[in-house]
Enquirer: 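Supplied in structure tokens, the structure appears directly below.
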Amino acid sequence: MTATSSQSDSSHGEAWHSTGIAGLDDVLCGGLTPHRLYLVEGVPGSGKTTLALQFLLEGVRLGEPVLYITLSETEEEILAVSASHAWSLDGITIRELVPSEQSLQPDDQYTMFHPSEVELSETTKLILADVERIRPSRVVFDSLSELRLLAGNPLRYRRQILALKQFFAGRRCTVLLLDDMTASNHDLQVQSIAHGVIRLEQFCPEYGSERRRLIATKYRGVKYRGGYHDFLIRRGGIEVFPRLVAREHPAPAVAERLGCGIAEMDALLGGGIERGTSTLIVGAAGTGKSSVASQFVAAAAGRGQKSAMYIFDESLKTLLSRCTGLGIDLSPHLKQGRVSIQQVDPAELSPGEFAYSIRKAVEDQGVTVVVIDSLNGYLNAMPGERFLIIQLHELLTFLGQAGVATILVGAHQGLIGGQMITPVDASYLADAVILMRYFESKGEVRQAISVVKKRGGMHERSIREFRLEPGRISVGLPLRDFRGVLTGVPIFEGVSGHSERGEAPA
């Protein structure tokens, strides 16, 4: 990565050429410097042709003459790609230089000269003639594999690329060279010549659909956004999700405490949760973690604030039905746009797309409460556990700077006992931790809630009983007559006449 001067300096005062893909322009910090030669490389199927066509279609939209030179695919195949995206290629000149079937006839085989000596020269002449005739501002060359074969040897291949670079620069063309990386030895000849290099990658996890990502490995004179960026190929083209960098999104701090509407629970939290902080609700399955998160969302919606929920573990129908049974009716808020709920399929989700979705909800919709339910589902959506904490830290930092109250739900493995563990430890990242546990008393399974951590504010140290009752969530008085509630098998130490439900004695 090279430190850069301003965009106008790098292009001599001319506007940068957009790639036609907003997310890629973001990664490249504006687009492509005009009148330069760029390399787009990737294995077959990674999206090179789609990217190239979007680049040319952007030129057509701006009224520029553009040229697509193909040595590997026929015009019919390119038109089929465009049809799959509902694109019209009107305005794009396609020059097909695929060898004809006559070249396979014995009479057409060269006897005095090596084929590369004749075919490369003829191909180059046809390309130069088209450029002189059309005078395009954008050119796509698909692909370098055929040109490499025509050249015959690395020296001639490099000299040919240098000649093409000088030729196009003299005619003020911005050129994309596509390389399918099918050569047995991946040489760096073109990478050293190109002004910028973008590599597209495609890989398949052990389960779920394929994942795609890109990386800008070189861009002279531009401080581009490094690292990998996830992208999808959908009907309509490529969508790139730039890697979230929290420091690029500073925002003034917002001091506001958000209550959930249940006085006892708000008392546990010292008045509620603060905007710009993250709260982890952790406990065994069924202890009420999602219900507590939904209560905060409903309370925020009642104040006119917007919330976004991302649910991994249950369906939207089940969530709404369960909340309604507890007196938390989210349906009116969904209709009025104060609450949005996105059901996430971990097998189809890329981590970059997930972070981008949250970022857009905050920036475009003004969301103030974000719920991720659960971290276990988020973990399953990641390619490897070692990436989770890093990306989660960046996401929470961004949300904190944006003044968003983030609620994370984490499920413990197991139901009861002292050895409750979670598959990912995010407790040190969270500003507050709400612990929910089962405990047994007189043959009955009961639930307890406590706040074990809260940065920057006072909170209750007590353990209260938590109950999910028809039409409401109930939080009792502190369980002061019990010892060992968090072990799951507490000992009652109260005096005669005191209730075991955390209520005041008669």
Side-chain angles (χ1 to χ4, degrees), residues 249 251-281 288-311 316 319-343 357-374 395-409 430-434 436 449 451 454-460 464 466-469 471-475:
H249 306 275
V254 180
E256 182 182 359
R257 186 165 291 167
L258 308 179
C260 70
I262 301 175
E264 294 83 358
M265 189 180 300
D266 287 339
L268 267 176
L269 289 163
I273 60 177
E274 289 77 20
R275 291 184 60 176
T277 66
S278 57
T279 302
L280 173 63
I281 306 175
K289 303 180 299 298
S290 299
S291 300
V292 171
S294 300
Q295 179 68 38
F296 275 102
V297 168
R303 294 188 294 267
Q305 297 169 321
K306 291 186 177 181
S307 302
M309 302 181 70
Y310 298 86
I311 56 176
L316 174 60
L319 173 67
L320 294 178
S321 175
R322 179 173 53 75
C323 288
T324 301
L326 294 170
I328 307 171
D329 191 1
L330 296 178
S331 298
H333 302 306
L334 280 170
K335 294 178 182 178
Q336 296 169 7
R338 288 192 290 268
V339 175
S340 65
I341 303 176
Q342 180 177 335
Q343 185 176 344
S357 175
I358 294 178
R359 172 187 165 187
K360 298 304 288 183
V362 171
E363 294 180 342
D364 296 348
Q365 302 171 25
V367 165
T368 58
V369 177
V370 168
V371 175
I372 301 176
D373 185 5
S374 66
L395 179 60
L396 293 179
T397 302
F398 163 75
L399 292 172
Q401 292 177 170
V404 174
T406 308
I407 300 175
L408 310 171
V409 175
D431 297 301
V433 178
I434 300 175
M436 309 189 71
I449 183 172
V451 176
K454 189 167 189 235
R455 291 186 183 130
M458 299 298 295
H459 66 91
E460 274 192 17
R464 293 175 179 259
F466 178 87
R467 296 177 65 86
L468 299 175
E469 301 175 340
R472 72 182 187 123
I473 294 175
S474 172
V475 179

Enquirer: In terms of side-chain heavy atoms, does Arg322 have a donor or acceptor partner in Ser291 at a distance below 3.5 Å?
Expert: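 Side-chain D/A pair, Arg322 to Ser291: present.
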Enquirer: Are Asp373 and Leu319 close enough that some pair of their side-chain heavy atoms sits under 4.5 Å apart?
Expert: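 Answer no - side chains too far apart.
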Enquirer: Among Val292, Leu330, Val370, Ile328, which residue meets the side chain to side chain contact (heavy atoms under 4.5 Å, CB included) test with Val297?
Expert: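 For Val297, the side chain to side chain contact (heavy atoms under 4.5 Å, CB included) check succeeds only for Leu330.
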Enquirer: What is the minimum heavy-atom distance between Leu258 and Ala405, and which atoms define it?
Expert: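 Shortest heavy-atom contact: CD1-CB, 3.8 Å.
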Enquirer: Where do Gln343 and Leu316 come nearest, in terms of heavy atoms and distance?
Expert: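 Nearest pair, atom of Gln343 first, then Leu316: OE1-N, 3.3 Å.
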Enquirer: For Val369, does its backbone N or O pair with a side-chain atom of Gln305 as donor and acceptor, under 3.5 Å?
Expert: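 Checking the backbone N and O of Val369 against the side chain of Gln305, no donor-acceptor pair under 3.5 Å is found.
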Enquirer: Considering all heavy atoms of both residues, which atom of Ser278 and which atom of Ala430 are nearest to each other, and what is their separation?
Expert: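 Heavy atoms of Ser278 and Ala430 come nearest at OG-CA, 3.3 Å.
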Enquirer: Got a second to check how far Met309's CE is from Gln342's CD, nearest 0.5 Å?
Expert: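 Atom-to-atom, Met309:CE and Gln342:CD are 12.5 Å apart.
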Enquirer: So how far is it from Leu395 CG to Arg359 CZ, rounded to the nearest 0.5 Å?
Expert: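 Rounded to the nearest 0.5 Å, the CG-CZ separation comes to 11.5 Å.
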Enquirer: On a heavy-atom basis, which atom in Tyr310 and which in Ala361 lie closest, and how many Å separate them?
Expert: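 Minimum heavy-atom separation between Tyr310 and Ala361: OH-CB, 3.7 Å.
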Enquirer: What's the verdict on side-chain contact (heavy atoms from CB on, under 4.5 Å) for Gln295 and Met265, showing C-alpha distance, side-chain angles and the deciding distance?
Expert: CA-CA 11 Å; Gln295 179 68 38; Met265 189 180 300; 5.6 Å; no
Enquirer: Quick check: closest heavy atoms across His333 and Gly302, and the distance to 0.1 Å?
Expert: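 Looking at all heavy atoms of both residues, the shortest contact is CE1-N, 4.2 Å.
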Enquirer: Rounded to the nearest 0.5 Å, what separates atom CZ in Arg257 from atom CD in Glu274?
Expert: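 It comes to 4.5 Å.
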Enquirer: Any non-hydrogen side-chain atom of Ile358 less than 4.5 Å from a side-chain atom of Val404?
Expert: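 No. Closest side-chain heavy atoms not under 4.5 Å.
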Enquirer: Answer yes or no: is there a donor N or O on one side and an acceptor on the other, between the side chain of Lys289 and the main chain of Met436, under 3.5 Å?
Expert: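 Between the backbone of Met436 and the side chain of Lys289 there is no qualifying donor-acceptor contact (under 3.5 Å).
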Enquirer: Quick one: OG1 on Thr324 to CG on Asp329, what's the gap to the nearest 0.5 Å?
Expert: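 Reported value, rounded in 0.5 Å steps: 5.0 Å.
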Enquirer: Determine whether a donor-acceptor pair (N or O, by modelled atom type, separation under 3.5 Å) exists between the side chain of Arg455 and the backbone of Thr277.
Expert: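 Flag not set: sc Arg455 to bb Thr277 has no pair under 3.5 Å.
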Enquirer: What distance do Ile262 atom CD1 and Ile473 atom CD1 have between them, rounded to the nearest 0.5 Å?
Expert: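 Ile262 CD1 to Ile473 CD1: 4.5 Å, rounded to 0.5 Å.
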Enquirer: Show your working on side-chain contact (heavy atoms from CB on, under 4.5 Å) between Glu264 and Glu460 and close with a plain yes or no.
Expert: CA-CA 10 Å; Glu264 294 83 358; Glu460 274 192 17; over 6 Å; no
Enquirer: Between the side chain of Thr279 and the main-chain N/O of Ile407, is any donor-acceptor distance below 3.5 Å?
Expert: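 Judged by distance alone, no pair lies under 3.5 Å.
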Enquirer: Which of these passes side chain to side chain contact (heavy atoms under 4.5 Å, CB included) with Leu399: Ile372, Thr406, Val367?
Expert: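 Result: among Ile372, Thr406, Val367, Thr406 is the only option passing the side chain to side chain contact (heavy atoms under 4.5 Å, CB included) with Leu399.
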Enquirer: Once rounded to the nearest 0.5 Å, what's the spacing between atom CG of Leu269 and atom CD1 of Ile434?
Expert: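 Rounded to the nearest 0.5 Å, the CG-CD1 separation comes to 4.5 Å.
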Enquirer: What pair of heavy atoms forms the shortest contact from Val339 to Ala301, and how long is it?
Expert: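 Smallest heavy-atom distance, with atoms named: CG2-CB, 3.9 Å.
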